Amino acid sequence: MKITKAVIPAAGLGTRVLPATKNMPKEMFPIVDKPTIQYIVEEAVAAGITDILIITNRGKGLIEDHFDASPELEAQLEKSGKTEFLETVREISNLANITFIRQKEMKGLGHAVLKAKSFVGNEPFAVMYGDGVIVSKTPAIKQLIDCYGEYGEGVVGVKLVPEQDIHKYGSLKVENLHDNVFKCTDMKEKPQTKDEVLSLYSILDRCVLPAEIFEILERTKPGAGGEIQLTDAMREIAVTKGMTAVEFEGKRYDMGNKFGILQAQIEVGLEHPETKDQLREYIKEIAKTL
Ligand code: UTP
């Protein structure tokens with residue numbers, strides 16, 4: 001079945017990057033010259049997604065404005081003959097069918113995804129976290145969608161995380177199927193003891209889920225941090241039917257984390273045609289003083 005819908009949860013408070021997120025959604029933080037959320041929407045579109053639901057909250061109107069038309073700006077750019085910028089601005093509002101829904105209370109990622117129930121209907125769909133940018137040759141979500149096509153079961157995008165950090169993530173019980181593809185039969189969100197750690201493979205920012213996740217989420221009780229955890233709902237599918245885990249190719253930047261933001265600026269800046277030469281020289285210079 002073709003996957004055409006994506007849900008982007010973007011209602012988190014971004015407390016790890018306060019005070020920047022006091023009034024500014026972290027999803028609008030730029031990497032060089034493009035907001036985080038636009039990278040994610042472009043990844044979805046490149047993977048064949050046509051309909052996107054972004055889950056926001058009261059403080060995130062800027063995200064809605066970014067994907068809307070900008071008649072005044074467009075008129076001004078047209079008048080001044082800045083056609084290149086005009087194209088760039090117009091393309092943003094025509095990327096996909098983008099709709100928004102608000103999560104009224106911040107009860108966790110699982111609670112946010114449940115808001116997508118009527119948008120999704122009865123089809124498998126993609127989930128792409130609004131603060132996780134993945135730069136890759138093949139769009140990361142496409143790598144997961146291809147795996148859904150191969151095995152027909154829910155897919156999670158995974159990477160190995162450092163042992164000292166696994167307690168901040170979800171830990172997965174996995175068995176290699178081939179290459180970078182694994183069978184996942186159990187998961188534990190934010191393991192607190194060594195016994196709870198199933199492996200150092202963790203879900204990072206991307207999943208493809210069957211619609212049955214909604215019925216499970218409706219009865220999922222708050223878990224780690226008192227929040228309704230998507231991992232707890234996915235676990236039910238993993239232990240009963242199994243899920244597939246793909247160690248996706250690509251570099252992931254956590255834009256909800258101070259160091260992730262810095263890494264993204266430097267690494268994307270070193271590839272950007274307008275900044276790469278100057279930035280390389282600058283880094284070489286500054287490295288001499290370290
Ligand atoms: P995170 O835990 O990374 O985001 O959630 P956060 O809640 O903003 O983090 P803090 O405050 O710095 O600790 C993963 C994803 O789930 C979304 C976030 O926006 C992010 O994309 N999320 C989280 C929601 O949409 N709603 C929630 O209630 C919680």
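Position 1 is the first residue of the sequence, and the numbers go up from there. Order of appearance sets the numbers: ligands from 1, and atoms from 1 within every ligand. Because the structure is predicted, anything quoted here is derived from the model rather than measured.
A salt bridge is absent between D232 and K221; no separation between the charged side-chain nitrogens and carboxylate oxygens falls under 4.0 Å. Salt-bridge formation is detected for the pair K60/E27: a Lys NZ or Arg NE/NH1/NH2 atom is positioned less than 4.0 Å from an Asp or Glu carboxylate oxygen. A salt bridge does not link R235 with E189: none of the charged nitrogens is closer than 4.0 Å to a carboxylate oxygen. A salt bridge links R219 to E236: one of the charged nitrogens lies within less than 4.0 Å of a carboxylate oxygen. Taking a cutoff of 4.0 Å between a charged side-chain nitrogen and a carboxylate oxygen, E123 and K5 qualify as a salt bridge. A salt bridge is absent between K251 and E271; no separation between the charged side-chain nitrogens and carboxylate oxygens falls under 4.0 Å.
Of all atoms in ligand 1, listed by their number and element, those nearer than 4.0 Å to a heavy atom of G108 are 26 (N), 27 (C), 28 (O), 29 (C). Within ligand 1, the atoms closer than 4.0 Å to a non-hydrogen atom of A112 are 24 (C), 25 (O), 26 (N), numbered from 1 in the order shown. Ligand-side atoms of ligand 1 in range of K26: 4 (O), 6 (P), 8 (O), 9 (O), range being under 4.0 angstrom from any heavy atom. With ligand atoms numbered from 1 in the order given, ligand 1 contributes 10 (P), 11 (O), 12 (O), 13 (O) to contacts under 4.0 Å with heavy atoms of T15. Taking every heavy atom of M106 and a limit of under 4.0 angstrom, the matching atoms of ligand 1 come to 28 (O). Residue contact check: E27 has heavy atoms under 4.0 Å from atoms 19 (O) of ligand 1. The ligand atoms of ligand 1 that sit less than 4.0 angstrom from a heavy atom of K107 are 28 (O). Close contacts between ligand 1 and L109 involve ligand atoms 16 (O), 27 (C), 29 (C) [criterion: under 4.0 Å to a heavy atom].
If you check which protein heavy atom lies closest to atom 14 (C) of ligand 1, you get Y129 CD2, 4.1 Å. Closest to atom 25 (O) of ligand 1 among all protein heavy atoms lies A11 N, 3.0 Å. For atom 21 (O) of ligand 1, the closest non-hydrogen atom of the protein is P9 O, 2.9 Å.
There is no protein heavy atom closer than 4.0 angstrom to atom 5 (O) of ligand 1.
Geometrically, ligand 1 and G14 share a nitrogen or oxygen pair separated by less than 3.5 Å.
The shortest separation from a heavy atom of D131 to ligand 1 is under 4.0 Å, placing the residue in contact.
Within a 6.0 Å sphere centred on CD of E163, other residues, nucleotides and ligands contribute 12 heavy atoms or fewer. In Q278, the CD atom is not crowded: 12 or fewer heavy atoms of neighbouring residues, nucleotides or ligands sit closer than 6.0 Å.
When E227, Q103, H111, R16 are ranked by how near their heavy atoms come to atom 1 (P) of ligand 1, first place goes to R16. Taking all heavy atoms of G110, G12, A10 into account, the minimum distance to atom 7 (O) of ligand 1 is reached by G12.
In this pair, F67 and F100 present their aromatic rings tilted. The plane angle is within the 30 to 60° band.
Sorted by first and then second residue, the salt bridge (Lys or Arg N to Asp or Glu O under 4.0 Å) pairs with a member in residues 78-89 read E78-R90; sequence neighbours excluded.
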